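What follows is a single structure, written as structure tokens, with notes after it.
Given the structure is predicted, the values throughout are model-derived calculations rather than measurements.
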Amino acid sequence: DEEGEESGDEGDEVPQIITRSRARRVRQASWADAPGGAEASTAAASGSRSAAPNSAEPGGEASTSSSVTLTPVLEQALDIAADWLVNADALLVCSGAGMGVDAGLGTFRGKRAAGAVWPGLQRPPQEGAEPLDYVEICKPHWFEQDPHLAWGFWNYYHKSYQSAVPHQGYAFVKRWADTVPLGFFGFTSNIDSHWMRAGWDKDQLVEVHGALRWLQCSTPCSDAVWAAPADHGLGEDPVTHRAVGELPRCPRCGAVARPDVKMFGMDVTFSQQHLAAQVERYERWLHALESRAHKEYISIICLEIGCGLVVPTVRNHLEIVMARFPGARLIRVNPENADLEPEERGRAVSLPLGALQSLGELEAKLQKRQGQMCRFLVRDHDASAAEVEAPRGSKTLHILHRLERGGTEVRYGKLHEPRDPPKEPYAMFYSQWEMPEFSSLGAATPQKYLFSCGGGPGEDRKVMACFQAFHVRFGEAGMSTTVQCGIDWCKALLEEMISHIDTKEYQTQIRELKDRRGVAALVRSLQEAVLPAFGLPADEQGLRDMQAKIWTYGCCDPEIWMLAETAMRLSHLRICGHLPWIAKSAKDQADRQASARGAQQRLLNRRLHAGEQSRLALVRKHQVLQSRLEGVRDVVFGAKRAAEDEGYAVAPRRRSRRGRPWVGAS
């Protein structure tokens, strides 16, 4: 507990951006000043492995984190993380102890690590004393009381890091960082300098707990630091484990030197000269991002690798970054402490895997997404145009950021208070087949505006999309080099086509053709003469690609439309639509007319036959009715005669109002 209080008080000397902590984690801050950050502190805090390789001697066999079988939930989390990374505007990589595990920097649990951290911890520093633990040997007072013992430990530490080789995950992250348009920065609590050895730019790295590659005066006589040699030239006594040889000295005062590392306890001698310069560059980078237009849409991906809760320095700082940038997203890689806070959900994803496995899986998914890139043609408010490649579902602002990375100066219109969207930057997507659609700079590219287009000579087919950014202006007037190349390509193709069309031979042939089949054959010969020279196949696909490119770049240069109109007018293709597909000869035409007359006669005969059949049916129906009426008349008159024969008087027949007799007996 006393060590915890001392370490916590000492943390006030570190700049504010790296000391802010949640109240619930104050009890864990006792390890915040551990040398090497998480590597060192975790060995003392019941729960981590030490900074030394797994063998008892430096250079021994290293252990790596075991692979975990991916579940559907993990696959989904990896997909989300990969999508965030491929659309990242800026990348902040924060690493702790877990990043070094796969490089052989294994950790061991237990207060006395039984020689795994350093064999000297098994022996007391002097007769009658208790054996040292890891926290105690990491205190700075040993450089004054027993400098050979202190350098026995730190020389062992130095050799351990020199013998360990950064794993492939460092290269993966460095490759991702090189692709983000607004830059990247590293923030690590490790003191192994593996990021530097993996090619990370030293001006884009904050080593919050210092680094073993730097030395300082242990007195100290000044805040100066200097580079440590690759080998201090020290040996180690096998019995006392004290350093043997000439100890490193301060070049100014001659006192014993010490690593420029934040140690346990009241480490008032720790020089922050190097750290302060790193923090200053880091803050300038963050401030530049904050001062950009549409800050709320900037996608800063915070990649947290192996940062636990024992030393919460890195996690606490990430909370500040997430609060400063609403568009920030967190990717947490930690096989043991992967839980997310409730306020982080929706803006964070957790990968409970080892560092190398997580980074390898993400690299594989990002490689697949490289084949899903789209070439965007972007026009500014004044119709200047530029081209850039970006993921298909990118936000408009991310595409503009990629243009900036490519060297295009982009000036954004100011935001109004209160907000006035029509007068602020926005985008309009358009295509040959869809109505224009307006969207904000923070909206993703609508998929319906993507279209496939063939390239020029030696180029593969590519997916394209076009939009115009209003109230956004490019620095240089006119078209970018790539857009100008596309415009020149279209003009050269159309001029070549016009040179073949505007000839006496073509004009004579097109006027003599009597059907569309002949016109199609003539056009095909024109395709074979022109399209292959411009990298397009002489088929229907080549025609569609030509049409798409002419439309795309015609929006940037009206002269292309004029050339296309001239080509259509001279080709006479518009007036060929009324022609039959196949022209008929005179004999074929006469036979066709005779066949038509025969068909008309057969139709007339069928109609006459149907009329005769109807007439005969009516006659038969009338005959049936007539026979029935005669039968009724016979019955009536028979009954009348029978009545008269029997002496009945029969009334005379009465007439109806219309003069017709009533039917029926009296």
Side-chain angles (χ1 to χ4, degrees), residues 14-15 17-19 36-39 51 81 84-85 88-103 105 161 164-214 260-262 272 274-289 299-308 311-322 324-325 328-334 355-356 358-359 362-363 366:
V14 184
I17 65 163
I18 50 180
T19 58
E39 288 101 340
W84 286 352
L85 284 170
D89 293 317
L91 181 64
L92 175 59
V93 182
C94 299
S95 61
M99 187 63 180
V101 171
D102 294 292
L105 302 179
Y161 283 152
V165 179
H167 56 75
Q168 190 66 22
Y170 288 90
F172 293 155
V173 177
K174 180 62 169 63
R175 184 156 53 245
W176 307 340
D178 290 337
T179 62
V180 294
L182 299 184
F184 60 93
F185 230 93
F187 189 97
T188 181
S189 62
N190 300 339
I191 63 172
D192 51 24
S193 299
H194 276 194
W195 284 110
M196 298 283 295
R197 292 170 61 185
W200 199 270
D201 190 347
K202 63 181 178 61
D203 292 333
Q204 293 172 296
L205 183 66
V206 174
E207 294 164 306
V208 67
H209 289 156
L212 281 176
R213 73 178 187 277
W214 298 102
D260 184 33
V261 171
K262 184 73 170 176
Q272 299 192 31
H274 192 67
L275 175 60
Q278 292 178 333
V279 170
E280 183 182 359
R281 289 191 293 267
Y282 176 57
E283 273 297 327
R284 283 202 304 265
W285 179 68
L286 288 179
H287 180 71
L289 294 178
S299 176
I300 299 179
I301 304 305
C302 302
L303 181 59
E304 177 197 305
I305 310 172
C307 303
V311 180
T313 307
V314 178
R315 286 202 176 187
N316 294 340
H317 176 63
L318 281 177
E319 293 172 6
I320 300 174
V321 175
M322 295 287 287
R324 288 173 69 175
F325 296 92
R329 296 293 182 267
L330 171 65
I331 301 174
R332 173 164 292 161
V333 177
N334 197 310
L356 183 57
S358 294
L359 300 177
L362 288 173
E363 172 68 11
L366 289 175

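Taking the side-chain hydrogen bond (donor to acceptor under 3.5 Å, both in side chains) definition, one finds that S299 meets it with nothing, sequence neighbours left out. Annotation: side-chain hydrogen bond (donor to acceptor under 3.5 Å, both in side chains) contacts of Q204 (sequence neighbours excluded): none. R329 is linked by a side chain to side chain contact (heavy atoms under 4.5 Å, CB included) to W84, I301, R347, counting only residues two or more places apart in sequence or in another chain. Partners of E207 under the salt bridge (charged side-chain N to carboxylate O under 4.0 Å, His left out) rule, at least two apart in sequence or in another chain, are R213. Residues satisfying the side chain to side chain contact (heavy atoms under 4.5 Å, CB included) criterion with A177, sequence neighbours excluded, are L91, F184, W200. Listed by chain and residue number, L182, W285, L289, I300 satisfy the side chain to side chain contact (heavy atoms under 4.5 Å, CB included) test with A90 (two or more places apart in sequence, or in another chain). S358 pairs by the side-chain hydrogen bond (donor to acceptor under 3.5 Å, both in side chains) definition with nothing, not counting sequence neighbours. Not a single side-chain hydrogen bond (donor to acceptor under 3.5 Å, both in side chains) links R281 to another residue, sequence neighbours left out. With sequence neighbours excluded, no residue forms a salt bridge (charged side-chain N to carboxylate O under 4.0 Å, His left out) with D201.
Taking a cutoff of 4.0 Å between a charged side-chain nitrogen and a carboxylate oxygen, E280 and R284 qualify as a salt bridge. By the 4.0 Å N-to-carboxylate-O rule, K174 lies too far from E363 to be salt-bridged with it.
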Mind listing the side-chain donor-acceptor pairs of residues 165-172 below 3.5 Å, one per line with the distance, residues two or more places apart or on another chain?
| from | atom 1 | to | atom 2 | distance (Å) |
| --- | --- | --- | --- | --- |
| H167 | ND1 | G169 | N | 2.9 |
| H167 | NE2 | M99 | O | 2.7 |

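Between the D260 side chain and the H274 main chain, no donor and acceptor come within less than 3.5 Å of each other. A donor-acceptor distance shorter than 3.5 angstrom exists from the side chain of N190 to the backbone of G96, with no hydrogens or angles considered.
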(request) Could you please spell out the steps behind the ring pair (Phe, Tyr, Trp, His ring centres under 6.0 Å) verdict for H317 and Y282? (result) CA-CA 12 Å; H317 176 63; Y282 176 57; 5.3 Å; yes
(message) Evaluate C94 against L92 for side-chain contact (heavy atoms from CB on, under 4.5 Å), listing each step before the verdict.
(response) CA-CA 6 Å; C94 299; L92 175 59; 3.8 Å; yes
(request) Determine, stepwise, if the pair L366 / L85 fulfils side-chain contact (heavy atoms from CB on, under 4.5 Å). (result) CA-CA 8 Å; L366 289 175; L85 284 170; 4.1 Å; yes
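Between L286 and F325, the closest side-chain pair of non-hydrogen atoms falls below 4.5 Å.
Across all non-hydrogen atoms, the minimal contact from R315 to N334 is NH2-ND2, 3.8 Å.
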